[in-house]
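Okay, so here's the structure we're looking at.
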Amino acid sequence: MRVSDYSFRELDKRWVGIEGKKYCKKIGKKLRIKNLARPVFGYFYIDKEFGLSLRIVGNIEKDGRNKLYLDEEFLFDSDLVLDYDFVSKFEIELLNEEVVEVIEGSYVLENKLDIHYKNVNNFLDTRNLEELDPFRSTQFPDDVQVLLVNKGENPDELLWARIEGIMDVKPDVLICKLLGASYYNEDYVEDAMVGVKYFKDEESLKIVGMLRRREK
């Protein structure tokens, strides 16, 4: 199956193998890796700023004791990351978790990338809200398109916002940061913090007001 055939939840924190010759060649050229053998392996994770990303770890090697391990040259090179757009058409195979457990070095990479999974303001819980899926960006699962209802004759606007968490006092309201400014309302500028609510009866995601920026 291709990367684009999977949801972000199916790919998040999953190890994958890439066998196709043309895909491996593209990876080697993009990352400037010479003599990259097939299959190529990688680990999907979500970075709030860069979205769904694939960390390439090269090839899985086998030592004289038939133990599997990752090459340290790839394991500690943090620049070997490909974005979703680049790999979306690649055919991949999800690795069995039992197989990953016996690959020496896999847990090292997972621990390094855990920095992207800090659950501030119950932020990670928002990724489980399937009702938000129609509004999400494919590449950036934490970015949603929200409706700003303007007053008077000004038309309503669709704006992109990045989810930052859930309000403590109003658990049905999301804490979001605007990624762009309103054309009609000068209060809603880029980086402004807003409250966003999903209205089930209307199947819409609306801004319900401004919020004060919260400390992380």
Side-chain angles (χ1 to χ4, degrees), residues 1-120 122-130 132-133 136-143 163:
M1 292 176 62
R2 294 176 182 269
V3 170
S4 58
D5 293 328
Y6 294 95
S7 70
F8 75 90
R9 296 186 189 90
E10 293 173 310
L11 293 175
D12 189 24
K13 289 190 172 185
R14 289 299 302 269
W15 288 87
V16 300
I18 303 169
E19 176 68 34
K21 183 177 180 180
K22 63 178 181 180
Y23 305 128
C24 295
K25 186 176 181 180
K26 285 183 177 181
I27 292 172
K29 184 177 180 180
K30 178 74 171 180
L31 299 178
R32 299 180 181 179
I33 303 173
K34 295 181 179 179
N35 304 318
L36 185 62
R38 299 158 48 204
V40 174
F41 295 90
Y43 180 74
F44 272 104
Y45 67 100
I46 300 175
D47 181 318
K48 282 176 66 175
E49 298 296 324
F50 298 101
L52 188 60
S53 305
L54 178 61
R55 172 67 157 81
I56 295 298
V57 294
N59 310 120
I60 296 178
E61 309 290 345
K62 183 182 293 186
D63 65 12
R65 299 168 297 167
N66 284 329
K67 291 190 66 176
L68 302 176
Y69 68 95
L70 299 178
D71 190 330
E72 289 189 359
E73 180 181 352
F74 291 93
L75 188 60
F76 294 103
D77 189 343
S78 58
D79 293 328
L80 303 181
V81 179
L82 300 172
D83 63 32
Y84 179 87
D85 278 349
F86 185 80
V87 302
S88 63
K89 300 303 181 184
F90 285 21
E91 292 187 4
I92 60 170
E93 181 179 349
L94 300 182
L95 300 191
N96 188 299
E97 294 184 5
E98 293 180 357
V99 173
V100 174
E101 287 178 359
V102 300
I103 301 174
E104 189 172 326
S106 60
Y107 70 94
V108 175
L109 183 68
E110 292 176 6
N111 288 341
K112 284 170 63 71
L113 294 176
D114 256 359
I115 189 174
H116 297 289
Y117 293 86
K118 295 180 179 179
N119 200 23
V120 179
N122 295 316
F123 161 72
L124 295 180
D125 296 347
T126 67
R127 292 179 180 169
N128 297 324
L129 299 177
E130 295 184 5
L132 303 183
D133 289 357
R136 295 184 192 271
S137 160
T138 301
Q139 181 174 355
F140 300 88
D142 302 316
D143 293 358
I163 300 172

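For the numbers below, each heavy atom of this structure counts, side chains included, while hydrogens, waters and symmetry mates do not.
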Exercise. Side chains of Phe76 and Val108: does their closest heavy-atom pair fall under 4.5 Å?
Worked result: yes
For this session: Hey, could you give me the CG/CZ distance between Asp142 and Arg127, rounded to the nearest 0.5 Å?
Result: 4.0 Å
Problem set entry | Summary of salt bridge (Lys or Arg N to Asp or Glu O under 4.0 Å) pairs that have at least one residue in residues 80-97, sequence neighbours excluded | none
Exercise. Taking only residues two or more places apart in sequence or in another chain, which ones pass side-chain hydrogen bond (donor to acceptor under 3.5 Å, both in side chains) with Tyr117?
Worked result: Asp12
Problem set entry | Spacing of CG belonging to Leu132 relative to OG1 belonging to Thr126, to within rounding of 0.5 Å | 7.0 Å
Problem set entry | Validation row: Tyr43, Val57 side chains within 4.5 angstrom (heavy atoms) | no
For this session: Give the C-alpha distance, both sets of side-chain angles, the deciding distance and a yes or no for side-chain contact (heavy atoms from CB on, under 4.5 Å) between Val87 and Ile18.
Result: CA-CA 10 Å; Val87 302; Ile18 303 169; 5.9 Å; no
Problem set entry | Side-chain (Asn119) to main-chain (Phe123) donor-acceptor, under 3.5 angstrom | yes
For this session: Return yes if some donor-acceptor pair links the side-chain N/O of Asn59 with the main-chain N/O of Ala37 below 3.5 Å, else return no.
Result: yes
Exercise. Can you tell if the side chain of Phe90 reaches within under 4.5 Å of the side chain of Leu54, non-hydrogen atoms only?
Worked result: no
Exercise. Hey, what do you get for CZ (Phe41) to OG (Ser106), rounding to the nearest 0.5 Å?
Worked result: 12.0 Å
Seminar exercise, completed: For residues 105-119, the salt bridge (Lys or Arg N to Asp or Glu O under 4.0 Å) pairs (sequence neighbours left out) are Lys13-Asp114
Problem set entry | Check: Val81 and Phe50 side chains under 4.5 Å, non-hydrogen atoms | no
For this session: Tell me, please, which residues at least two apart from Arg38 pass side-chain contact (heavy atoms from CB on, under 4.5 Å).
Result: Glu19, Lys21, Cys24
Problem set entry | Residues in salt bridge (charged side-chain N to carboxylate O under 4.0 Å, His left out) contact with Arg9, at least two apart in sequence or another chain | Asp133
Exercise. Looking at side-chain heavy atoms only, is the closest gap between Tyr6 and Leu94 below 4.5 Å?
Worked result: yes
Exercise. Are side-chain heavy atoms of Leu75 and Leu109 found at a separation under 4.5 Å?
Worked result: yes
Exercise. Nearest 0.5 Å, what's the CZ-CZ distance between Arg14 and Phe8?
Worked result: 15.0 Å
Problem set entry | CD1 on Ile163 to CG on Asp125, rounded to 0.5 Å | 11.5 Å
For this session: To the nearest 0.5 angstrom, please state how far the CD atom of Glu101 sits from the CG atom of Asn96.
Result: 8.5 Å
Exercise. Should we say atom OH of Tyr107 is surrounded by more than 12 heavy atoms from elsewhere, each under 6.0 Å from it?
Worked result: no
Exercise. Do Phe44 and Val3 come close enough that some side-chain heavy atom pair is under 4.5 Å?
Worked result: yes
Problem set entry | Beyond-backbone contact of Leu36 with Leu31, side-chain heavy atoms, under 4.5 angstrom | no
Problem set entry | Listed partners of Glu98 passing salt bridge (charged side-chain N to carboxylate O under 4.0 Å, His left out), at least two apart | none
